[in-house]
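Report on one structure; see the data block that follows.
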There are 2 protein chains.
Amino acid sequence: MTTGLRERKKLRTRRALGAAALELAVTHGLAEMTVEQIADAADVSPRTFFNYFSSKEEAVVAADVERARDSAERLAERPLDEPVLDSVRAVMHEMVGDAPRSREWIAQVRLVKSEPSLVPQQLAAYAAAEAHLTAVIAERTGLGAQDLYPAVTAAAVMSAMRVATTRWLESDEHGDLVGVVDRVIDLLAVGLQSPPSRAP
Amino acid sequence: MTTGLRERKKLRTRRALGAAALELAVTHGLAEMTVEQIADAADVSPRTFFNYFSSKEEAVVAADVERARDSAERLAERPLDEPVLDSVRAVMHEMVGDAPRSREWIAQVRLVKSEPSLVPQQLAAYAAAEAHLTAVIAERTGLGAQDLYPAVTAAAVMSAMRVATTRWLESDEHGDLVGVVDRVIDLLAVGLQSPPSRAP
DNA sequence: GCCGATCTTGCAGTGTCTGCAGTTTTGCGC
DNA sequence: GCGCAAAACTGCAGACACTGCAAGATCGGC
């Protein structure tokens, strides 16, 4: 599958728009930046911007959607005999451990924290991740589309990741994010029936 | 705390706007309805609409935010010696069992399914529910704000509820929603380490 | 009944977002 | 290379969402 020039160019434009939107939102503020500025920075017309995204907010969190797809792909590549949650944990560690990517991600989460109107779009991005995860988990476990386990697991994992990053950010980002991620996944693994007795 | 006339009137206006928005979105479609129509239906000026909600979409899912607060309050009223997840399960059963309320809820979820641009706002409403749940669970378990269990549990439960309703809707709404809710909460309770061996 | 606080409203203005129609670019067969 | 159909980009016009501001209406306490 050689992706044609056409598609590659579209992807480049899409990324340029997303990056410009994120950049401008961080520097100038979400409300202040205009679609015209984003379009200019990506060298397209304002009208073209709307061929790619239906709003400024969507463009800002575009990178998240890509990361979501990427996580799912990494998950699909884990050894098949590995327990699902172990695979998930490994992938999440990879995502957090990948320094440049992680830095972008954190920047985005921090922006969302300071611009509440981005919250809905950010959550929608997580939902996209969830859909991908669901499909991969279903395949790995050999379960069908009607089974609840893959969907519930994917949803719970993404929620837990969200809690982990939020908490980490609220604690002024000290301590390691990896540790927090580990603990939230542990909670899901052992079950939420009752709170763990020791240092949850 | 006798809520003054002022506050009661505000609440009535807010509800009227929310109800009108939902009604119009269902009958005319989200894109077709205008703020002016919503405002007219609630007998206020269009400008006033924006004193209550920052967008049409937010108004449409306003009832969800109320339901969220209500769930948290019901949870707080459960016997203190009841295991947390049992309380959660009971509350979710109450919410689903409350016929008129459940009907509104389902109508809204169905609307969101047919109008994808509502998804982000719907998720934001769930996030609001999550925040309330987190606070109540923390109090019930005697855990502090730094503990992960309350936040992870609240997030997982809301995600699971979302999965349950989505699945139920996709299966053309046959079978009972209560049963699906039970099964997703069971999954969270026993842990997601590996798929259940029998009929997940 | 008066006064401060709060809520509502109209107005003007900026910017988002959409449909449409014309131009440019790309992929592909020749 | 050449031409042609599909797809992408662009400008334009217009409807509408949304905001700040200042004036008017309403409420709660004294």
Side-chain angles (χ1 to χ4, degrees), chain A residues 1-25 27-62 115-121 124, chain B residues 1-25 27-62 114-122 124:
Chain A
M1 56 168 262
T2 55
T3 50
L5 171 59
R6 200 166 209 141
E7 288 174 52
R8 269 180 290 137
K9 198 173 178 183
K10 271 194 82 171
L11 186 57
R12 253 194 303 134
T13 304
R14 189 179 186 83
R15 285 196 175 135
L17 285 170
L22 181 54
E23 166 81 12
L24 286 167
T27 56
H28 295 214
L30 184 66
E32 285 69 28
M33 82 174 173
T34 69
V35 169
E36 193 181 351
Q37 289 175 314
I38 303 174
D40 279 352
D43 245 327
V44 292
S45 76
R47 184 65 185 81
T48 296
F49 172 87
F50 288 106
N51 289 341
Y52 285 86
F53 301 105
S54 64
S55 69
K56 287 193 295 185
E57 290 77 7
E58 191 184 333
V60 172
V61 302
E115 303 267 11
S117 65
L118 282 174
V119 169
Q121 291 293 335
Chain B
M1 59 169 262
T2 54
T3 50
L5 170 59
R6 201 162 210 147
E7 289 175 52
R8 268 179 292 136
K9 199 173 178 183
K10 270 195 81 171
L11 185 58
R12 252 193 305 132
T13 304
R14 186 179 189 82
R15 284 198 174 132
L17 285 170
L22 181 55
E23 165 82 11
L24 286 166
T27 57
H28 295 214
L30 184 66
E32 285 69 28
M33 84 175 171
T34 69
V35 170
E36 192 179 352
Q37 289 175 314
I38 303 173
D40 279 352
D43 245 327
V44 292
S45 75
R47 184 64 185 83
T48 296
F49 172 87
F50 288 107
N51 289 340
Y52 285 86
F53 301 106
S54 64
S55 69
K56 286 193 294 184
E57 289 79 7
E58 190 183 336
V60 172
V61 301
S114 68
E115 303 267 12
S117 65
L118 283 174
V119 168
Q121 291 293 335
Q122 169 90 320

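Letters go in sequence order (proteins before strands), and every chain restarts at 1. Keep in mind the model is a prediction, meaning the values are calculated, not measured. Values reported hereafter were calculated over all heavy atoms of this structure, with side chains retained and with hydrogens, waters and symmetry mates removed.
Taking every heavy atom of both residues into account, A:Gly18 and A:Phe53 meet most closely at N-CE1, 4.3 Å. Annotation for A:Pro120 and B:Gln121: closest pair CG-NE2, 4.0 Å, computed over non-hydrogen atoms. The heavy-atom pair separating B:Val35 from B:Pro46 by the smallest distance is CG1-O, 4.2 Å. Shortest non-hydrogen contact noted between A:Ser55 and A:Phe49 is O-CZ, 3.7 Å.
Sequence order on DNA chain D of the closest nucleotides to B:Thr34 and B:Lys9 puts B:Thr34 first from the 5' end. Of the two residues contacting DNA chain C, namely A:Glu32 and A:Phe53, the nearest-nucleotide position lying further toward the 5' end is that of A:Glu32.
Applying a 4.0 Å cut-off to non-hydrogen atoms, the residues of residues 42-51 of chain B that approach DNA chain C are B:Val44, B:Ser45, B:Arg47, B:Thr48, B:Asn51, listed by residue number.
Here CD of A:Glu7 is found 13.0 Å from CZ of A:Arg14. Values are rounded to the nearest 0.5 Å. Taken from CD in A:Glu58 to CG in A:Leu118, the straight-line distance is 12.0 Å, to the nearest 0.5 Å. With rounding to the nearest 0.5 Å, the separation of OG1 in B:Thr27 from CG in B:Leu24 is 5.0 Å.
Distance CD (B:Gln37) to C1' (D:dC16): 12 Å, rounded to an integer number of Å. Between the P atom of D:dG28 and the CD atom of B:Glu7 lies a distance of 9 Å, rounded to the nearest Å. Atoms CE (B:Met33) and C1' (D:dC16) sit 13 Å apart, rounded to a whole Å. Atom pair B:Leu30:CG and D:dC16:P shows a separation of 14 Å (rounding to whole Å applied).
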- Message: Would B:Gln37 and B:His28 count as a side-chain contact (heavy atoms from CB on, under 4.5 Å) here? Give the steps.
- Response: CA-CA 11 Å; B:Gln37 289 175 314; B:His28 295 214; 4.2 Å; yes

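Taking 4.0 Å as the cutoff to heavy atoms of chain B, we find the contact window on DNA chain C bounded by C:dA5 to C:dC11.
Nucleic acid contact class of A:Tyr52 (heavy atoms, under 4.0 Å, all strands): sugar-phosphate only.
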